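Working notes for the structure below.
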Amino acid sequence: MFEEERFTTAMLGRANCSLKPDKKLLNSKFEQYKYTSGREHEITYKKLKHKPHRTKPPDSDFSYQMSRTSCLFNHLIVPPKGGKYYYITHNEEEHSYILVDALTDTELAQFSNQEKLIFNVSAVWIGSETLALCIGTYLYLLSLTPTSTKQTSEQKLDFHCLLLGSFERDETAHLVLCYRTDNVFVHQIVKQNDSGKFEVTASIRQSGIARFVTVRGDTLTMISEGKLLVPEPEPEEPEKPGEVAVPVPREREEEKNYTWTQTMEDVDVSIELPSGILKSDLTIEIGHDSLEVRTKGGQELFKSKLFSKVEPKESTWHMSTDKKRVEVVLTKYQEAHNWAHLVDTPHYDPSGNLLGEISDLSEEELRGMMRRMESLNEYTSDKVDKSPLYTPHPELEECDELDGQQVLLSSFSLDPVKQHSLVELSPGTLLFSDTDRGFVVSHSVDACYYEVGSDVCPPWQHASTFHAFNMVQATKTQKKYIVTDPGRKYAAIVDITRHVYIYSSTGEESTHGKLLVMTLDNSDDSEILGVFPRTESIVLLTEKYLITIKFSL
């Protein structure tokens with residue numbers, strides 16, 4: 001179907017941009033938030049006739065991380081104008097998938113499963129009344145109006161694909177989809193031709209999958225994991241006599257010489273070593289909040305302030321068996337504390353694009369930041385749930401590995417596809433995305449919302465701030481979904497223990513935020529599979545119910 005080999009991504013003209021926040025949207029006077037049990041709310045349960053299909057793709061082309069990253073695991077399908085709620089159910093006896101209206105239990109459309117396998121199912125809207133569904137290797141288009149449902153297109157694909165986004169350009173429908181081949185993630189932009197089928201217009205190859213995709217005007221903005229893969233450069237022509245060669249800096253991906261992972265007790269850092277280095281050649285200094293690795297000859301291999309405190313005396317290090325890396329095991333000072341980053345991002349970012357430059361802050365702003373961090377660090381989820389230390393859900397634990405990967409924020413012009421801006425985000429900096437409108441990144445203890453427009457460089461702009469939300473979400477180690485309402489009045493966290501946290505910190509002059517904590521009925525012990533935020537309510541999809549929570553901020 002799609003011949004991606006014909007399409008490449010031009011890299012000429014790329015410019016590094018910044019995510020430096022607008023200081024006018026920060027509030028140094030904000031200190032902490034007030035906790036409430038959420039008595040000002042109403043929960044209604046609507047029992048479902050069918051059990052929503054829960055995608056489990058460990059044996060397919062897409063792993064759990066990839067599916068969750070692309071929002072596949074938000075199984076609640078809601079049209080752009082709202083008012084309706086749909087989900088997919090799987091009929092194992094007839095080997096078919098069925099689109100169901102969650103409010104009326106009406107079966108709207110049925111798709112035969114010709115390969116009789118359990119597939120990934122992903123969906124995006126084209127406009128307000130056309131739903132694109134990708135089930136395994138088949139792409140379907142449905143027309144959903146208030147009075148009728150009609151399948152308008154069916155197309156066989158060459159790969160198991162995920163739908164990541166859609167847009168209309170020149171009155172023509174376009175889709176952004178992704179498939180994996182030979183450990184490469186191919187993101188394709190396809191457009192609908194006169195016959196109703198989709199054909200490729202551009203292809204972007206990366207070592208990781210996109211976590212956010214949107215198109216505004218002629219600009220594609222994407223947040224993805226791993227490196228951007230481009231064709232090998234043409235051999236350089238020999239220098240002519242009298243010419244001076246201009247040194248070309250290495251790609252920043254190559255400059256990052258370490259990887260890291262974490263457990264409940266430790267943080268493991270793996271640092272690349274130059275060839276020929278012996279253990280006796282290394283000097284490693286582990287401080288309470290810093291790590292420095294250098295050779296005795298003075299070559300610096302790693303030096304940074306850490307995201308959180310460690311126990312230097314209990315931390316260890318050793319050489320890898322192949323002598324190519326040094327493995328540092330840092331014992332956490334605060335056990336079970338989840339590190340959003342390895343390094344202290346306000347002070348250090350491998351890309352050189354600081355999310356918050358301390359040197360630009362006034363003395364009053366610095367003191368305000370310290371007051372907030374000290375007060376917020378005292379709050380943990382133990383005040384909500386007194387249960388013993390939980391055992392991480394295996395799928396969530398696997399998904400947490402995403403935080404240790406490099407994340408790229410890029411924008412591309414279309415026709416032809418050409419990258420013109422790039423920001424490298426430290427692992428864990430991206431907190432969540434807001435459908436196709438914008439994304440939220442951490443800034444110290446805050447969370448900054450960036451709205452995506454169509455400007456060439458950069459196409460994103462700091463539009464609002466959830467004060468202290470980065471600290472709030474860091475304490476929720478069992479979180480599954482993070483969303484925000486259309487007006488960005490609140491951010492909601494839904495965790496696997498059936499807690500719902502509604503956090504509001506609006507107002508430039510306010511000094512405190514408000515955190516509503518609600519627990520769902522224990523009689524419904526099924527897993528939460530989807531979420532949709534509204535202005536003063538939030539809708540959840542479980543294996544048994546469609547749940548609506550109305551609350552007052």
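Heavy-atom basis, side chains included; hydrogens, waters and symmetry copies ignored. This is a predicted model, so every value here is computed, not measured.
Remark: H174 engages no residue in a side-chain hydrogen bond (donor to acceptor under 3.5 Å, both in side chains) (not counting sequence neighbours). With sequence neighbours excluded, no residue forms a salt bridge (charged side-chain N to carboxylate O under 4.0 Å, His left out) with D22. For Y86, there are no ring pair (Phe, Tyr, Trp, His ring centres under 6.0 Å) partners two or more places apart in sequence or in a different chain. For D485, there are no side-chain hydrogen bond (donor to acceptor under 3.5 Å, both in side chains) partners, not counting sequence neighbours. Every residue two or more places apart in sequence or in another chain that forms a side-chain hydrogen bond (donor to acceptor under 3.5 Å, both in side chains) with T542 is listed here: D524, S526. In terms of the ring pair (Phe, Tyr, Trp, His ring centres under 6.0 Å) criterion, residue partners of Y503 (sequence neighbours excluded) are, by chain and number, Y33, F469. A search for side chain to side chain contact (heavy atoms under 4.5 Å, CB included) contacts involving V215 returns F167, L220, L414, not counting sequence neighbours. Every residue two or more places apart in sequence or in another chain that forms a side chain to side chain contact (heavy atoms under 4.5 Å, CB included) with V483 is listed here: A492, V531, P533, I538. Shown here are the side chain to side chain contact (heavy atoms under 4.5 Å, CB included) partners of S128, two or more places apart in sequence or in another chain: K81. Take S552 and apply the side-chain hydrogen bond (donor to acceptor under 3.5 Å, both in side chains) test, not counting sequence neighbours, and it matches no residue. Residues meeting the side chain to side chain contact (heavy atoms under 4.5 Å, CB included) test with A173, sequence neighbours left out: I126, Q192. By the ring pair (Phe, Tyr, Trp, His ring centres under 6.0 Å) test, F551 is found to be paired with Y490, residues two or more places apart in sequence or in another chain being considered.
A distance of 14.0 Å separates CZ of R180 from SG of C161, quoted to the nearest 0.5 Å. Between K479 atom NZ and H499 atom NE2 the span is 15.0 Å, to the nearest 0.5 Å. The distance from the CD atom of Q188 to the CG atom of L175 is 11.0 Å, given to the nearest 0.5 Å. Remark: I204 CD1 to F185 CZ distance equals 15.0 Å, nearest 0.5 Å. In this structure, CG on L76 lies 8.5 Å from CG on L540, to the nearest 0.5 angstrom. With rounding to the nearest 0.5 angstrom, the OG atom of S537 is 9.5 Å from the CD1 atom of I549.
Using a distance-only test at 3.5 Å, with no hydrogens or angles considered, a donor-acceptor pair links the side chain of T201 to the main chain of I189. Between the Y45 side chain and the D521 main chain, a donor and an acceptor come within less than 3.5 Å of each other. Checking side-chain atoms of T219 against main-chain N and O of S413 turns up no donor-acceptor pair under 3.5 Å. Side-chain atoms of H288 never come within 3.5 Å of backbone atoms of K309 as a donor-acceptor pair (strictly under, hydrogens ignored). A donor-acceptor contact shorter than 3.5 Å is absent between the side chain of T548 and the backbone of V539. The closest donor-acceptor contact from the side chain of K332 to the backbone of S308 lies at 3.5 Å or more, if one exists at all.
Minimum interatomic distance between Y449 and V440 (heavy atoms only, all atoms of both residues): CD1-CG2, 3.6 Å. Counting all heavy atoms, side chain and backbone alike, G530 lies closest to Y481 at N-OH, 3.6 Å. Nearest approach of G453 to R216, heavy atoms of both residues: O-CB, 3.1 Å. Taking all atoms of both residues into account, the shortest heavy-atom contact from F212 to S433 is CD1-CB, 3.4 Å. In terms of heavy-atom proximity, M222 sits nearest to F412 at CB-CE1, 4.5 Å. Closest of all the heavy-atom pairs between V186 and S203 is CG1-OG, 3.2 Å.
By the 4.5 Å heavy-atom criterion applied to side chains, L164 and C178 are counted as neighbours. Between L330 and L306 there is a side-chain heavy-atom pair separated by less than 4.5 Å. Side-chain contact between I528 and L520: present, with at least one pair of heavy atoms (C-beta onward) separated by less than 4.5 Å. Here the side chains of L133 and L142 are in contact, with some heavy-atom distance below 4.5 Å. Counting heavy atoms from C-beta on, the side chains of I493 and Q473 come closer than 4.5 Å. A heavy-atom distance below 4.5 Å is not found between the side chains of N470 and V472. Side-chain atoms of K20 and H462, non-hydrogen and from C-beta on, never get closer than 4.5 Å to each other. Between V343 and Y258 there is a side-chain heavy-atom pair separated by less than 4.5 Å.
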| said: Please determine whether side chain to side chain donor-acceptor pair (under 3.5 Å) holds for the pair T145 and E129, giving the CA-CA distance in whole Å, both sets of side-chain angles, and the decisive distance to 0.1 Å. | reply: CA-CA 6 Å; T145 68; E129 295 184 345; 5.8 Å; no
| said: Let's go through V407 and T429 carefully: what are the C-alpha distance in whole Å and the side-chain angles of both, what is the deciding distance for side-chain contact (heavy atoms from CB on, under 4.5 Å) to 0.1 Å, and is it a yes or a no? | reply: CA-CA 9 Å; V407 179; T429 299; over 6 Å; no
| request: Give the C-alpha distance, both sets of side-chain angles, the deciding distance and a yes or no for side-chain contact (heavy atoms from CB on, under 4.5 Å) between L162 and Y179. | output: CA-CA 7 Å; L162 286 177; Y179 65 88; over 6 Å; no
| Checking side-chain contact (heavy atoms from CB on, under 4.5 Å) for the pair T221/L409: CA distance, chi angles, key distance, verdict? | CA-CA 7 Å; T221 299; L409 168 59; 4.0 Å; yes
| Does the side-chain contact (heavy atoms from CB on, under 4.5 Å) test come out yes or no for T214 and R437, once each step is laid out? | CA-CA 7 Å; T214 189; R437 295 173 297 180; over 6 Å; no
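Of the residues I77, V78, T130, the one that meets the side-chain contact (heavy atoms from CB on, under 4.5 Å) test with W125 is I77.
Under a 4.0 Å N-O distance rule, the pair E527/R498 does not qualify as a salt bridge. Looking at D218 and R169, a side-chain N of the basic residue comes within less than 4.0 Å of a carboxylate O on the acidic one, giving a salt bridge.
Residue K550 places its NZ atom among 12 or fewer non-hydrogen atoms of other residues, nucleotides or ligands, all under 6.0 Å distant. Residue-environment remark: CD (E536) stays at or below the threshold of 12 foreign heavy atoms within 6.0 Å.
Cation-pi geometry between K476 and Y501 is satisfied (NZ or CZ under 6.0 Å from the ring centre, within 45° of the ring normal).
Classified by interplanar angle (parallel below 30°, tilted 30° to 60°, perpendicular above 60°), the ring pair W460/F439 is perpendicular.
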